[in-house]
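The structure under discussion appears below in the form of structure tokens.
Remember, it's 1-based here, ligands and their atoms both numbered in the order they're listed. Since this is a predicted model, take the numbers as computed values, not measurements.
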Amino acid sequence: MTVSTADNTPLSSDDTSQVKPLRYPVICIDGPSGAGKGTVTWRLAQALDYQLLDSGALYRIVGLKAFEAGLITADTNQTIDETAVLALTQSLEIAFVPNNKSGRVDILVNGEAVGEQVRNETVGGYASQIAVFPTVRQALLKLQQDMATRSGLVADGRDMGTVVFPDADVKVYLTASAEARAERRVTQLLNAGQTADFEAILTTIKARDERDENRTTAPSKPAEDALLLDSSTLDANTVYEQVKKHCQDQGICFNS
Ligand code: DC
């Protein structure tokens, strides 16, 4: 694992006995849903043996719990009680636990592993609704920042490079047209044996982008020092290679 000093000078393993490492490297991959962040984040974490932070999962968990508690509905025009969502967020015990079997990080909520039930578009919509609240974002901040105190980290989200890890070693903003992202989602659903309506998916994607990019607190946007990458016409491998090259240019060492 590479350890960097605050001025970003990589330390060799010999040096670490003399100089206390101040922090671990952090790579931020921000951008909208469906741009391919998840795949790049996963591959980088595997290649570098870093931990992975799926910050969207946090907002999805709170969104789902808020729905189950009757605090939100699918109606995006409703008025939501921010204080109640904050109280709910604070009542949740959320932990990231490395799973040595799968090589992934399990998310436990009140001791129970959160499965695939947070991964659908409906829960993504709930997440986007509660993600506008500054107090809820603040309540989730430390949990995310703590992830970088244990090892190198690859963080996937909307505000990783702008708010959560402003001093990150590498920042990438990965985007793609709404049409390309809707097309990918359709293919994913069809491959999973489900039905898919392109127009309906496109409308949902655009509505979520609009909310995530235009909220007042921590909107989804590239950090000033982020590499902008449009994956609309690129395959996943090309995206990964371009991001990897950028990481190397910023001083991150890959073994392979
Ligand atoms: O990345 P995702 O689709 O799992 O994220 C779900 C929603 O959570 C997204 O629409 C907005 C919110 N989110 C956020 O506001 N900030 C993050 N860092 C990650 C996700």
For ligand 1, what is the set of protein residues having any non-hydrogen atom at a distance below 4.0 Å?
->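 The 4.0 Å shell around ligand 1 contains Ser33, Lys37, Ser55, Gly56, Tyr59, Arg60, Ala127, Ser128, Ala131, Arg137, Gly157, Arg158, Asp159, Met160, Arg208, Asp212, Arg215.
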Mind jotting down which residue pairs meet the side chain to side chain donor-acceptor pair (under 3.5 Å) criterion with at least one end in residues 55-69? Sequence neighbours excluded, please.
->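 Sorted result for residues 55-69: Tyr59-Arg137.
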Salt bridge or not for Glu179 and Lys206, using N-O below 4.0 Å?
-> yes
Could you grab the distance from atom CD1 of Ile29 to atom OG1 of Thr39, nearest 0.5 Å is fine?
->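 Rounded to the nearest 0.5 Å, the CD1-OG1 separation comes to 11.5 Å.
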For Arg208, which residues count as a side chain to side chain donor-acceptor pair (under 3.5 Å) partner, sequence neighbours excluded?
-> Ser33, Glu121
Answer yes or no: is there a side-chain heavy-atom contact under 4.5 Å between His246 and Leu229?
->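 No - every pair of side-chain heavy atoms lies 4.5 Å or more apart.
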Run the side-chain donor-acceptor check on residues 129-136: report pairs under 3.5 Å with partners two or more places apart or on a different chain.
unit_1	atom_1	unit_2	atom_2	d
Gln129	OE1	Gln78	NE2	2.8
Gln129	NE2	Thr73	O	3.2
Thr135	OG1	Glu82	OE2	2.6

